[in-house]
Number of protein chains: 2
Amino acid sequence: MTGGLRERKKQATREALSAAALRLALERGPENVRVDDIAEAAGVSPRTYNNYFSSREQAIVAGLHTGQFAAVDGPLSEAVVRFYTHAGRSPEALAMITGNAALRACYADTATTLEAPLAEAIAERHPGVDPLAAQALAAAVAAAARVALRQWLRPTTTPGLVVVSGSLPDLVRTALSPLQPALDALDAPADQAS
Amino acid sequence: MTGGLRERKKQATREALSAAALRLALERGPENVRVDDIAEAAGVSPRTYNNYFSSREQAIVAGLHTGQFAAVDGPLSEAVVRFYTHAGRSPEALAMITGNAALRACYADTATTLEAPLAEAIAERHPGVDPLAAQALAAAVAAAARVALRQWLRPTTTPGLVVVSGSLPDLVRTALSPLQPALDALDAPADQAS
DNA sequence: GCAAAAAGATGCGCGCACGCAAATTTGCGT
DNA sequence: ACGCAAATTTGCGTGCGCGCATCTTTTTGC
């Protein structure tokens, strides 16, 4: 089984809250959604809402971040790229996020989701490296991805400048490119000496 | 001149607020300091306090983060290490931060201060690299440093485990070590092809 | 000097996050 | 089927961050 009734019910309310938050935000605009509205739409108390999400933005964004990290094989950098490409996002939701500073920040922060699983993956693949170094490298990759996300979401409000933020995968690849030597060095640990 | 009267006065209140926040936190413990207390101790209105800091933790931590980034010469990684080593921290303040989750998080976040100046430094030294890549690399370095900080501040509440978090410079160096190949590659951009 | 303008400080009000404790629901052994 | 223990929900109260309008102080232009 996937878990007891307890677990499933919990996941259900989480999704209900997230869905309600996203729907309401799309309907009225993010600024016109009160926390109480979300809770009511999901059929729970406002206090319960805060047991699941610690900010309105989190609730809205939660549903869009369906990407799961799976470094089954191949280079890590491509796994990272896949992680973002697979997320399910609707154009309207994307437009909304782009237009709101708080939502942009919150969505960019989802890059942090990488940190833990990536650190674990690195530690597993390369048991020789210092655990702290593995953590740090994972955090570094996540941070780079975060920058790519930020760039991708940047609103094009300055009509004078050329804003050619390409496709997200390309942006992620570009942001990851300077870290490539570091990732490659993992597989060739020959010359690590001082 | 260092600026007009306006500028100096502003800096003065900022420091007054930060100093008051730190002092009160040390006296009563961080949890027993209300924002109003800080404002009163600094001689400004509570609302004004929030014009300078957007959280109690920021105000408390602000005074401890005196490190300035200066990549005048030498390798970037050492400049980063210096950045953290030069910060003025008292043992008592450090103990307080270690013992409080919110303060720990806030202090670890000061690593972000690196991001902007480091990105600029990289862009200046290596005009050839993609601006986004420079940003990403800077963010990556900052993130690694952040991990080192987090490790350094980790409370030793688990008496069973060995917690040998060494000196901060060493931790930063370790965290930065996996990124060293990436930083080295900046100076030798000849063979980038796969 | 002086008046207009710019920048900052302040008061007010709203919505929000969260600790705490009581009430309710669920899991499980008997 | 029953009841107890654990987990979850809920209501309440507190402190907080911040937008907005207003008042005060500093700067600027003449």
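Each chain gets a letter, A, B and so on, in the order the sequences are listed, and its residues count up from 1.
A salt bridge links A:Arg150 with B:Glu115: the closest approach of a Lys/Arg side-chain nitrogen to an acidic carboxylate oxygen falls below 4.0 angstrom. Remark: A:Asp37 engages A:Arg28 in a salt bridge, criterion side-chain N to carboxylate O under 4.0 Å.
When the C1' atom of D:dG17 is taken as reference, atom CZ of B:Arg34 falls 15 Å away, rounded to whole Å. Here C:dC16 presents its P atom at 14 Å from CG of A:Leu17, a figure rounded to the nearest Å. With rounding to whole Å, B:Glu31 atom CD is found 13 Å from C:dC18 atom P. When rounded to the nearest whole Å, the span between CG of B:Asn50 and C1' of C:dC14 equals 14 Å. Whole-Å rounding puts the B:Arg8 CZ to C:dA7 P distance at 18 Å. Whole-Å rounding puts the A:Asn51 CG to C:dT25 P distance at 16 Å. Note: CZ (B:Arg14) to P (C:dG8) measures 11 Å, nearest angstrom. Regarding B:Asn100, its CG atom lies at a distance of 15 Å from the C1' atom of C:dG19, rounded to whole Å.
Nearest nucleotide to the side chain of A:Asp36, out of C:dC16, D:dG17, C:dT10: C:dC16. Nearest to the side chain of B:Arg56, among D:dG15, D:dT9, C:dT26, sits D:dG15. The listed nucleotides are D:dG11, D:dC16, D:dT9; the one nearest the side chain of B:Val35 is D:dC16. Closest to the A:Arg6 side chain, of the nucleotides C:dG27, C:dA9, D:dT25, is C:dG27.
A cation-pi arrangement, defined by a distance under 6.0 Å to the six-membered ring centre and an angle within 45 degrees of its axis, is absent between A:Arg82 and A:Phe69.
At the phosphate of C:dT25, neither OP1 nor OP2 sits under 4.0 Å from any side-chain N or O atom of A:Lys9. Residue B:Thr48 places none of its side-chain N or O atoms closer than 4.0 Å to OP1 or OP2 of C:dA9.
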Derivation and outcome, side-chain hydrogen bond (donor to acceptor under 3.5 Å, both in side chains), residues A:Ser45 and A:Thr48: CA-CA 5 Å; A:Ser45 85; A:Thr48 296; 3.2 Å; yes

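Each of B:Glu57 and A:Tyr52 lies near DNA chain D, and the nucleotide nearest A:Tyr52 is the one positioned closer to the 5' end. Taking the nucleotide of DNA chain D with the nearest heavy atom to each of A:Arg47 and B:Ser54, the more 5' of the two is matched to A:Arg47.
Residue A:Phe53 is classed as having no contact, given no heavy-atom separation below 4.0 Å to the nucleic acid.
Side-chain contact annotation: A:Asn100 with A:Glu31, donor-acceptor N/O pair under 3.5 Å present.
In this entry C:dT30 has D:dA1 as its Watson-Crick or G-U wobble partner, both defining distances falling under 3.5 Å.
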